[in-house]
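Read through the structure below, which is laid out as structure tokens, and then see the notes.
Worth saying up front: this structure is predicted, and the values here are computed from it rather than measured.
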Amino acid sequence: MYEGDVLAGNWRRPGKGKIPKVPAELDLVVEDADSGFCGAIVACDKEAVTLEDRFGKRRLFPLAPAAFLLEGKPVTLVRPTAAPTGPRRSASGSIAVEGLRARVARESRIYVEGVHDAALVEKIWGHDLRVEGVVVEYLEGVDDLPAIVAEFGPEPGRRLGVLVDHLVPGSKESRIAAEITSPDVLVVGHPFIDIWQAVKPSVLRIPAWPAVPRGVPWKEGVIAALGWRMEPAEAWRRILGAVSTYTDLEPELLGRVEELIDFVTEAS
């Protein structure tokens, strides 16, 4: 006779001590228990593992307890004692350059709206930017963007890329961006009201970014709705601290930043 219900409990999370630990060796095929994504291990660091499926698609997953299935059974992947021989990845997913010495800065620049935008771009793309010699500066808003562009003096070999918040049809930001016509300036944007929203809610363990009533300052409204008892600066430190790789950000931001980096480094 069986004791108790053999199907009871969470089959992906058996009792403590029953989950085997398996080294995350390159080419080992595993499945992410939550999403069902299955692939071979192509990279691993102390916090995460990168899987590549049979179509060549890659995704990054944290090395959480019992987070993977090996031959249908839950396992905890751990970093191998000997570091994997595959290339190390930067936070943006690109191949990291070992022993990097930052390139002399180009004349081309990337401008973002505020200090929070700059901090997030640096955290994820900082390695790539130093490889390419690209400096990121912040504007404190885009109201004076046409004058700022004119002062910069864009020309071939001296390009300017601008990342704008809330760049959607009919917005103030879209009207300002439309005034920029230089072929050596690229203005792109994401649909989020604030760069905070570019961080996936799941990273912060919230179901979604709350809606803030019109007329209420957005950051303060979000903090109040989430029940966080802190100032915006402290809230941002909490948000930024939860971000570690590009997979923590929404695709609408990822694509735009990559586009800007390509633009300012092209033929210069």
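Tyr111 and Phe152 have perpendicular rings, their planes meeting at more than 60° on a 0 to 90° scale where under 30° would count as parallel. Taking the six-membered ring where tryptophan is involved, the planes of Trp209 and Trp218 are tilted, since the angle between them lies from 30° to 60°.
Residue Val188 is grouped with residue Tyr246 when hydrophobic side chains (ILVMFWY) are merged at heavy-atom distances under 4.5 angstrom, including chains of intermediate members. Placement of Val29 and Val42 in two distinct hydrophobic clusters is found when ILVMFWY residues are connected by side-chain heavy-atom separations under 4.5 Å, directly or transitively. Phe68 and Val78 end up in different hydrophobic clusters when Ile, Leu, Val, Met, Phe, Trp and Tyr side chains are linked at under 4.5 Å. Both Ile176 and Ile148 belong to a single network of hydrophobic side chains, linked directly or stepwise wherever heavy atoms of I, L, V, M, F, W or Y lie under 4.5 Å apart. Put simply, Leu249 and Leu167 are part of two different groups of oily side chains (I, L, V, M, F, W, Y) that touch within less than 4.5 Å, one to the next.
For OH of Tyr138, the number of neighbouring non-hydrogen atoms (other residues, nucleotides, ligands) closer than 6.0 Å is 12 at most.
Scanning both residues, Gly241 and Lys123, for their nearest heavy atoms gives CA-NZ, 3.9 Å. Scanning all heavy atoms of the two residues, the minimum distance from Glu107 to Gly157 falls at CB-O, 4.2 Å. Minimum heavy-atom separation, Ala119 to Leu240: CB-CD2, 4.0 Å. Residues Pro154 and Val149 approach most closely at CD-O, 3.2 Å, considering heavy atoms. Of all heavy-atom pairs spanning Ser35 and Phe61, the tightest one is OG-CE2, 3.8 Å. Taking every heavy atom of both residues into account, Val187 and Ala177 meet most closely at CG1-CB, 3.7 Å.
Expressed to the nearest 0.5 Å, how far CG of Leu77 lies from CG of Leu28 amounts to 7.0 Å. Note that the OG1 atom of Thr245 and the CD1 atom of Ile124 stand 6.0 Å from one another [nearest 0.5 Å]. Thr50 OG1 to Arg58 CZ: the interatomic distance, rounded to the nearest 0.5 Å, is 7.5 Å. Note: Lys73 NZ to Glu31 CD = 15.0 Å, rounded to the nearest 0.5 Å. Interatomic distance, CG of Leu51 versus CD1 of Ile41, reported as 6.5 Å (0.5 Å rounding). Here the CD-CZ distance, from Glu234 to Arg229, works out to 12.5 Å after rounding to the nearest 0.5 Å.
With a 4.5 Å cut-off on side-chain heavy atoms, Glu132 and Thr265 count as touching. Within the 4.5 Å cutoff, side-chain heavy atoms of Ile206 are placed close to those of Leu226. Side chains of Val134 and Ser108 form no contact here, defined as non-hydrogen atoms less than 4.5 Å apart. Side-chain contact between Glu259 and Leu186 is present, with at least one heavy-atom pair separated by less than 4.5 Å. With contacts defined as side-chain heavy-atom distances shorter than 4.5 Å, the pair Val22/Leu70 qualifies. Between Pro207 and Pro201 the shortest side-chain heavy-atom distance does not fall below 4.5 Å. A heavy-atom distance below 4.5 Å is found between the side chains of Glu113 and Val164. Side-chain atoms of Leu253 and Ile195, non-hydrogen and from C-beta on, do get closer than 4.5 Å to each other.
Salt-bridge formation is detected for the pair Lys219/Asp194: a Lys NZ or Arg NE/NH1/NH2 atom is positioned less than 4.0 Å from an Asp or Glu carboxylate oxygen. Classification of Arg79 and Glu47 as a salt-bridged pair fails, no side-chain N sitting under 4.0 Å from a carboxylate O. Salt-bridge annotation for Glu52 and Lys57: absent, with no side-chain N of the basic residue lying under 4.0 Å from a carboxylate O of the acidic one. Taking the charged nitrogens against the carboxylate oxygens, Glu155 and Arg158 have no contact shorter than 4.0 Å, which rules out a salt bridge. With salt bridges taken as basic N to acidic carboxylate O contacts below 4.0 Å, one links Lys172 and Asp143. Under a 4.0 Å N-O distance rule, the pair Glu122/Arg130 qualifies as a salt bridge.
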message: Working note: Arg109 + Arg159, criterion side chain to side chain contact (heavy atoms under 4.5 Å, CB included); need CA distance, chi angles, decisive distance, verdict.
response: CA-CA 7 Å; Arg109 293 286 188 271; Arg159 287 182 156 186; over 6 Å; no
message: Run the side chain to side chain contact (heavy atoms under 4.5 Å, CB included) test on Leu163 and Leu260 for me, step by step, so that the C-alpha distance in whole Å, both residues' side-chain angles and the decisive distance to 0.1 Å come before the verdict.
response: CA-CA 8 Å; Leu163 180 68; Leu260 289 177; 3.7 Å; yes
CA sep, side-chain torsions, deciding dist, call: Ile193, Val212, side chain to side chain contact (heavy atoms under 4.5 Å, CB included): CA-CA 10 Å; Ile193 296 173; Val212 177; over 6 Å; no
task: Decide side chain to side chain contact (heavy atoms under 4.5 Å, CB included) for Asp32 and Cys38; before the verdict, give the C-alpha distance in whole Å, the side-chain angles of both, and the deciding distance to 0.1 Å.
output: CA-CA 6 Å; Asp32 174 59; Cys38 182; over 6 Å; no
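In this structure, a donor-acceptor pair under 3.5 Å is present between the side chains of Trp125 and Glu258.
Remark: the backbone N or O of Ala48 is paired with a side-chain donor or acceptor of Asp45 at under 3.5 angstrom. Here the side chain of Ser171 pairs a donor or acceptor atom with the backbone of Ser174 at under 3.5 angstrom.
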